[in-house]
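The basis for the numbers below is simple: all heavy atoms, side chains too, and nothing from hydrogens, waters or symmetry mates.
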Amino acid sequence: MKLKLFYSLKRKVLAVCLAGMILMALCVGGISLWTISHLTYDYEIQNMNHIVDTKATIINDELLRSENVVDYAANSVSREIKDPAKLRDPEFQHRMAEFVDNDFQNAKTDLNIICSYYLYYPSANVSALWKASDDRDEHFYDVLERQRTENSRVIPRHVLSFAYLMDEGQASWTQPYYSTYLKRYIISYLSPVYKDGVMVAIIGVDLDFQAFIDRLYANPPEGEHGMIILSDATGTVEYSPEKPLGVPLVDKDIHLKDTPSKVTEAGQTDRTMLTYTWAGEPSIAGIKTLRNGMNFIDLRQIPQIYDRTRKAFIQMGFGLIAVCILASLLPLYIISRLSERLQLVIEAAKEVGEGNYDVKLHDTQPDDIGELSRNFQAMAEKVAAAQGNLTYMSQHDVLTGILNRMGLDKEVADWLKAHPASHGALVSLDLDGFKFINDLHGHMAGDEALRTLAKDLIESFGHDQIIGRNGGDEFVVFMKDTEPEQAEKVIKAFSSKVKTFTYDGETHAFSVSIGYTLYKGDGTSLSRLFHQSDTALYAVKLRGRNHYRIYDATMENLNRTSLGFNLETITKNLPIALLVSEAKPDGKILFVNKTMVEMLECRNIREFMEFT
């Protein structure tokens, strides 16, 4: 007896869920062991980010307060300068200097790192205010006053950096530099003041960069840490107490592996770490960008992070992998089998949706998916049969078996679209005297005449040509890849051919009128081709029928009303009995009107023909 445990899709899903729960329990246990350890990779990353965040927060606070003081003073000056022309007034310049001096004097007590502040007028190329300190605890002296007293003129370093600010056009920090006048390493924050789109003043502050980096590098975190680094914006230059102007990290055998854009991204978020090589060892770095564009970095070698726990984690990892593999075998197998079988049904559904009903599903499994596959296969086969039958019926004439007008238009249009530059010919044919055939011999005879004409067209023009019934006794042939001489030769032969049909044991002759036009690969539309061939056919009928003609432009002026009659129309209301026959001793009757039939007391034309 076969095991039917997994024949139901519900049971298969249940088995997958149970296996997934076991696998989840194993994974949660492994993750818990990983999280409890103090030396995991995630813990070290968090610790590194915490260190750089703590240090950066302290420094950024002082940088921000320095910016606020400068920006506040700049706003005060901007409000006071309502007319830029007043800047030429020494008294006004002096008053502006007092405003700025008061702002800095009120703030500098909380900012021990400030060593100089100043007000500069670019248009006059003169410093209206410049105060500096020789020591962080000393009072700020007036540099300009001291220069006048000592009868000396020293160009301040910050004045030379104003060109950079004028290029930037907005408040910004400078790179570290050494001030020969202040005799210390400094960084400067400069803020411009604009009036009517013109820079009228610059307010700046100098920070003691040596004190700045001494504070960063002091009191390194306890524990097993790598290296604390203050770097430039690119993360490749270190500013250290020994080298305040910076030294390339490559000089310490530290190489950045990431791009500058990655450095910028990592400095703004705790989720991204940088990768370095340090003394040939792969390393990672937590990084935080300071307000002045520099970066504070905690760099550690990856082997150093994992030294004490590597073996334990390797053992645990192998064990966890083995258990997960074993626990996953069953659900993986079942899911893969279900997925493969369902995928076959999905692909088959896509094929059917795109109109391709020739799909093959051979799923013999006695479960839900197998039943679905078999039912879908049966449905596709029925739809394919019905679709094929509908398509054929919509495009073929029931009486003759050749194309109808819809199928004719489609095939000719498709060929013209696929072969726009090829030559061809569109032929319109009309069975002469078709109404006489119906009136004399009955509609069954007329149907046989139409079927015979369709067969003759196929035999004469070939199976490869597009042949259809346009409606009634009108037929159309489109000759593909045909030159004018070849078209005329085939049409002439068909026109000259003796045409007969047999009905009720008797053979009857008939003729056709033919008009055709040439397609010269010039993009002429299908409707235009039909019009031209129909016009040529009309011209043949005017000349007596049973002939062929090719279209030319002069045919457009023919009067079509001349064909609007026949014998039945003429004799319908005439009080005479009329019979038309061939001019031979045993000539066949060609036409008889209703009065003649009634005169001989016949019920219909068939009875009249039997009587005669």
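Contact record, Ser495 with Asn546: O-OD1, 4.3 Å, taken as the closest heavy-atom pair. Closest non-hydrogen pair, Gly286 versus Met273, comes out as N-CE, 3.5 Å. Between Ala445 and Phe501 the shortest heavy-atom distance is O-CE1, 3.6 Å. Taking all atoms of both residues into account, the shortest heavy-atom contact from Leu431 to Val512 is CA-CG1, 4.2 Å. The shortest non-hydrogen separation linking Leu256 to Thr236 is CD2-CG2, 4.0 Å. The shortest heavy-atom contact between Thr517 and Ser533 is CG2-N, 4.0 Å.
Remark: Asp232 pairs with Thr234 by the side chain to side chain donor-acceptor pair (under 3.5 Å) rule, at least two apart or across chains. Under the side chain to side chain donor-acceptor pair (under 3.5 Å) criterion, Thr277 pairs with no residue at all, not counting sequence neighbours. Partners of Tyr516 according to the ring pair (Phe, Tyr, Trp, His ring centres under 6.0 Å) rule, which considers only residues two or more places apart in sequence or in another chain, do not exist here. A search for ring pair (Phe, Tyr, Trp, His ring centres under 6.0 Å) contacts involving Phe530 returns nothing, not counting sequence neighbours. Residues passing the side chain to side chain donor-acceptor pair (under 3.5 Å) test with Tyr551 are Glu556, sequence neighbours excluded. Residues passing the salt bridge (charged side-chain N to carboxylate O under 4.0 Å, His left out) test with Asp397, sequence neighbours excluded: Arg469. Remark: His396 engages Tyr392 in a ring pair (Phe, Tyr, Trp, His ring centres under 6.0 Å) (not counting sequence neighbours). With sequence neighbours left out, Glu459 forms a salt bridge (charged side-chain N to carboxylate O under 4.0 Å, His left out) with Lys497. Lys262 meets the salt bridge (charged side-chain N to carboxylate O under 4.0 Å, His left out) test with Asp258; sequence neighbours excluded.
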Under 3.5 Å, which donor-acceptor pairs do the side chains of residues 475-492 form with other protein atoms, sequence neighbours left out?
| unit_1 | atom_1 | unit_2 | atom_2 | d |
| --- | --- | --- | --- | --- |
| Lys480 | NZ | Asp464 | O | 2.9 |
| Thr482 | OG1 | Lys480 | O | 2.8 |
| Glu483 | OE1 | His423 | ND1 | 3.0 |

For this session: Go through the steps to decide whether Phe494 and Leu429 satisfy the test side-chain contact (heavy atoms from CB on, under 4.5 Å), and finish with yes or no.
Result: CA-CA 11 Å; Phe494 179 76; Leu429 306 98; 3.5 Å; yes

For this session: Carefully, step by step, assess Ser428 and Asp534 under the rule side chain to side chain donor-acceptor pair (under 3.5 Å).
Result: CA-CA 6 Å; Ser428 293; Asp534 183 64; 5.6 Å; no

For this session: Run the numbers on Val263 and Thr259 for side-chain contact (heavy atoms from CB on, under 4.5 Å), then give the verdict.
Result: CA-CA 7 Å; Val263 175; Thr259 61; over 6 Å; no

For this session: Take Ile297 and Val52 through the side-chain contact (heavy atoms from CB on, under 4.5 Å) test and state the conclusion after the steps.
Result: CA-CA 6 Å; Ile297 296 175; Val52 295; 5.7 Å; no

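Side-chain contact between Leu518 and Ile550: present, with at least one pair of heavy atoms (C-beta onward) separated by less than 4.5 Å. Contact annotation: the side chain of Leu529 approaches that of Gln532 to within less than 4.5 Å [non-hydrogen atoms, C-beta and beyond]. Two residues are said to be in side-chain contact when any heavy atoms from C-beta on lie closer than 4.5 Å; Ile458 and Ile402 meet this criterion. A heavy-atom distance below 4.5 Å is not found between the side chains of Lys288 and Gln268. You'll find the side chain of Phe510 reaches within 4.5 Å of the side chain of Leu453, heavy atoms only. Here the side chains of Asp552 and Met555 are in contact, with some heavy-atom distance below 4.5 Å. Proximity of Ile514 to Leu537: side-chain heavy atoms (C-beta onward) are nowhere separated by under 4.5 Å. In this structure, the side chains of Asn404 and Leu408 stay at 4.5 Å or more apart for every pair of heavy atoms.
Ring orientation note: the planes of His508 and His441 are tilted relative to one another, at an angle of 30° to 60°.
A distance of 10.5 Å separates CG in Asp447 from OG1 in Thr400, rounded to the nearest 0.5 Å. Between the OG1 atom in Thr289 and the CG atom in Asn295 there is a gap of 4.0 Å [rounded to 0.5 Å]. Rounding to the nearest 0.5 Å gives a distance of 9.5 Å between CG of Leu274 and CD of Glu265. Once rounded to the nearest 0.5 Å, the distance linking CZ of Arg528 with OH of Tyr519 reads 14.5 Å. Atom OH of Tyr276 is separated from atom CD1 of Ile284 by 12.0 Å, given to the nearest 0.5 angstrom. To the nearest 0.5 Å, atoms CG (Asp473) and CG (Asp430) are separated by 4.0 Å.
The closest donor-acceptor contact from the side chain of Ser422 to the backbone of Pro420 lies at 3.5 Å or more, if one exists at all. The backbone N or O of Pro260 lies less than 3.5 Å from a partner atom in the side chain of Thr264, making a donor-acceptor pair.
Among residues at least two apart or in separate chains, salt bridge (Lys or Arg N to Asp or Glu O under 4.0 Å) pairs with a member in residues 404-417 are Arg405-Asp409, Lys410-Asp414. Applying the salt bridge (Lys or Arg N to Asp or Glu O under 4.0 Å) rule to pairs touching residues 266-277 yields nothing, sequence neighbours excluded.
A donor-acceptor contact under 3.5 angstrom links the side chains of Ser513 and Asp432, judged on distance only.
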